[in-house]
Amino acid sequence: MQPFRPIIAIVSCHKMVDNQPAQAVYQKYIDAIHFYGGNPILLPNTAADSENFDALLAVIDGILLTGSYSNVAPSRYGSTHIEAKQDLGRDELSFKLLAHADKFGTPLLAVCRGLQEMNVYFDGTLHPDWREVEGFYEPHLEDSTAPLEVQYQPVHDVIIEPKGRLAQFGEEWHVNSLHKQAIDKVGERLFIEAKARDGLVEAISSVQHPFMIGVQWHPELNYAQDNLSKFLFTEFIHYASKTNPR
């Protein structure tokens, strides 16, 4: 008998491909889920408006909120900031998936933009651009002139909370944290798992949830080499495997 592979729903983003609108997910997210034993399916933004959305949610075992070129709409967290890179369909789908995971305990891993969505869902707020906030000094943004393999290498350390889910990795870890938006006020019922040395929140988890973790960095880049990345995906798939045993 073939081993059970939990169904992992990966949120898609609006992209332009060959000058045509498309729904897309970077291959690295799909590969990471497959590598650790999950069965990835891609959810387009329109899934949130489907009459059968609840039926779709009933068959998934885990949810992956990916990073994205776009940013969370400022109106979602009470800001009047003008944000050029928005994807309102992505927002709508992600927040519905978060509500489902929160209500039913569905395992959820949130990466970069996903962490920001997670924080806002729990009534937290964001800095639209961390560079405009005094006190943040770590290199939280990639060098866009460098090759991709250089852009996404670890750039700074995070200080790990000793009582959190990541505590087994010691006091600090070197991560590839690349982003513009950043957590301002931490959401309700969330635990700070890690911070950068300059105080910027880099990882959060839901206090009352079996497995809901958000990280500001990109574990999908070195999913098979970096030990913390291995842990995040292994634990995610482990909990997803227990959601709807078939």
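By convention here, the first residue in the shown sequence is residue 1. Just so you know, these numbers use all the heavy atoms, side chains as well, and skip hydrogens, waters and symmetry mates. Only a predicted model underlies this, so the values are computations on that prediction, with no experimental measurement involved.
- Within the structure, salt bridge (Lys or Arg N to Asp or Glu O under 4.0 Å) contacts touching residues 31-44 (residues at least two apart or in different chains) do not occur.
- Side-chain N/O atoms of Asn227 and Trp173 include no donor and acceptor closer than 3.5 Å.
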#### Entry: Chi angles and distances behind the side-chain contact (heavy atoms from CB on, under 4.5 Å) call for Val175, Asp157
CA-CA 6 Å; Val175 300; Asp157 292 333; over 6 Å; no

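- Side-chain atoms of Trp217 and Leu228, non-hydrogen and from C-beta on, do get closer than 4.5 Å to each other.
- Take Tyr223 and apply the ring-ring contact (aromatic ring centres under 6.0 Å, His included) test, not counting sequence neighbours, and it matches Phe35.
- Note that the CD atom of Gln23 and the CG atom of Leu43 stand 10.0 Å from one another [nearest 0.5 Å].
- Ile159 and Leu232 are not part of a single hydrophobic cluster, where members link through side-chain heavy atoms under 4.5 Å apart.
- Heavy-atom minimum distance, Leu88 versus Gln86: CD2-OE1, 3.5 Å.
- Annotation: side chain of Ile160 is not in contact with side chain of Glu193 (no heavy-atom distance under 4.5 Å).
- Put simply, the side chain of Leu126 does not reach to within 4.5 Å of the side chain of Asp184, judged on heavy atoms.
- Sequence neighbours left out, not one pair with a member in residues 39-93 passes ring-ring contact (aromatic ring centres under 6.0 Å, His included).
- Residues satisfying the ring-ring contact (aromatic ring centres under 6.0 Å, His included) criterion with Tyr239, sequence neighbours excluded, are Phe211.
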### Query
Between Arg197 and Glu172, does a side-chain contact (heavy atoms from CB on, under 4.5 Å) hold up when you go through it step by step?
CA-CA 10 Å; Arg197 292 189 182 278; Glu172 60 185 49; 2.6 Å; yes

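- Between Ala22 and Val17 the shortest heavy-atom distance is CB-CG2, 3.7 Å.
- Although no hydrogens or angles enter the test, the distance criterion places no donor-acceptor pair under 3.5 Å between the side chain of Arg165 and the main chain of Ile213.
- In the hydrophobic clustering of ILVMFWY residues, with side-chain heavy atoms under 4.5 Å counting as a link, Ile60 and Ile33 come out apart.
- Atom CG in Asp226 sits 7.5 Å away from atom CG in Asn176 (nearest 0.5 Å).
- When all heavy atoms of Ala203 and Leu166 are compared, the pair lying nearest together is CB-CD1, 4.2 Å.
- Nearest heavy-atom pair, Lys15 versus Ala24, reported as atom, atom and distance to 0.1 Å: CG-CB, 3.5 Å.
- Within the model, atoms CG of Asp54 and NZ of Lys96 stand 8.5 Å from one another, a figure rounded to the nearest 0.5 Å.
- Closest heavy-atom contact between Pro128 and Ser79: CG-OG, 4.1 Å.
- Sorted by first then second residue, the ring-ring contact (aromatic ring centres under 6.0 Å, His included) pairs that include residues 10-29, not counting sequence neighbours, number zero.
- Rounding to the nearest 0.5 Å gives a distance of 10.5 Å between CD of Glu51 and CG of Asp49.
- In this structure, Glu188 contributes its side chain and Gly124 its backbone to no donor-acceptor pair below 3.5 Å.
- Between the side chains of Ser177 and Gln216, no donor-acceptor pair of N or O atoms lies under 3.5 Å.
- Counting heavy atoms of neighbouring residues, nucleotides and ligands inside a 6.0 Å radius, atom NE2 of His34 does not exceed 12 of them.
- Expressed to the nearest 0.5 Å, how far CD of Gln116 lies from CG of Asn71 amounts to 6.5 Å.
- In summary, Lys195 and Glu161 do not engage in a salt bridge, as defined by a charged side-chain N under 4.0 Å from a carboxylate O.
- Listed by chain and residue number, nothing satisfies the side chain to side chain donor-acceptor pair (under 3.5 Å) test with Glu171 (two or more places apart in sequence, or in another chain).
- For the side-chain contact (heavy atoms from CB on, under 4.5 Å) test, residues two or more places apart in sequence or in another chain that qualify with Leu42 are Ile10, Ser12, Val25, Ile30.
- Counting only residues at least two apart or in different chains, salt bridge (Lys or Arg N to Asp or Glu O under 4.0 Å) contacts with residues 98-117 comprise Arg90-Glu117, Asp91-Arg113, Asp102-Arg189, Arg113-Glu117.
- Across all non-hydrogen atoms, the minimal contact from Val201 to Ile204 is CG1-CG2, 3.7 Å.
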### side-chain contact (heavy atoms from CB on, under 4.5 Å) between Val186 and Thr125, intermediate numbers included
CA-CA 7 Å; Val186 177; Thr125 62; over 6 Å; no

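- Panel note: side chain Ser206, backbone Leu190; no donor-acceptor pair is recorded below 3.5 Å.
- The cluster map of Ile, Leu, Val, Met, Phe, Trp and Tyr, joined by side-chain heavy atoms under 4.5 Å apart, puts Leu115 and Val72 in the same cluster.
- Using a 4.5 Å cut-off between side-chain heavy atoms of Ile, Leu, Val, Met, Phe, Trp and Tyr, with links allowed through other members, Phe233 and Ile7 fall into different hydrophobic clusters.
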#### Entry: Steps toward side-chain contact (heavy atoms from CB on, under 4.5 Å) verdict (Ser241, Phe4)
CA-CA 7 Å; Ser241 298; Phe4 169 67; 4.2 Å; yes

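- Judged as a side-chain contact (heavy atoms from CB on, under 4.5 Å), and not counting sequence neighbours, the contacts of Leu108 are Ile63, Leu65, Leu98, Ala101, Ala110, Met212.
- Grouped by direct or indirect side-chain proximity (heavy atoms under 4.5 Å, Ile/Leu/Val/Met/Phe/Trp/Tyr only), Val207 sits with Phe191.
- Put simply, the residue from Asn39, Ile41, Ile237 that forms a side chain to side chain contact (heavy atoms under 4.5 Å, CB included) with Ile8 is Ile237.
- Under the 4.5 Å side-chain contact rule for hydrophobic residues, Val111 and Phe169 share a cluster.
- Counting only heavy atoms from C-beta outward, the side chains of Val11 and Thr66 approach each other to under 4.5 Å.
- Taking NE2 from His218 and OG from Ser229, the interatomic distance works out to 11.0 Å, rounded to the nearest 0.5 Å.
- Applying the ring-ring contact (aromatic ring centres under 6.0 Å, His included) criterion to His100, with sequence neighbours excluded, gives Phe104.
- Contacts classified as salt bridge (Lys or Arg N to Asp or Glu O under 4.0 Å) and involving residues 76-88 (residues at least two apart or in different chains) are given here: Arg76-Glu92, Glu83-Lys180.
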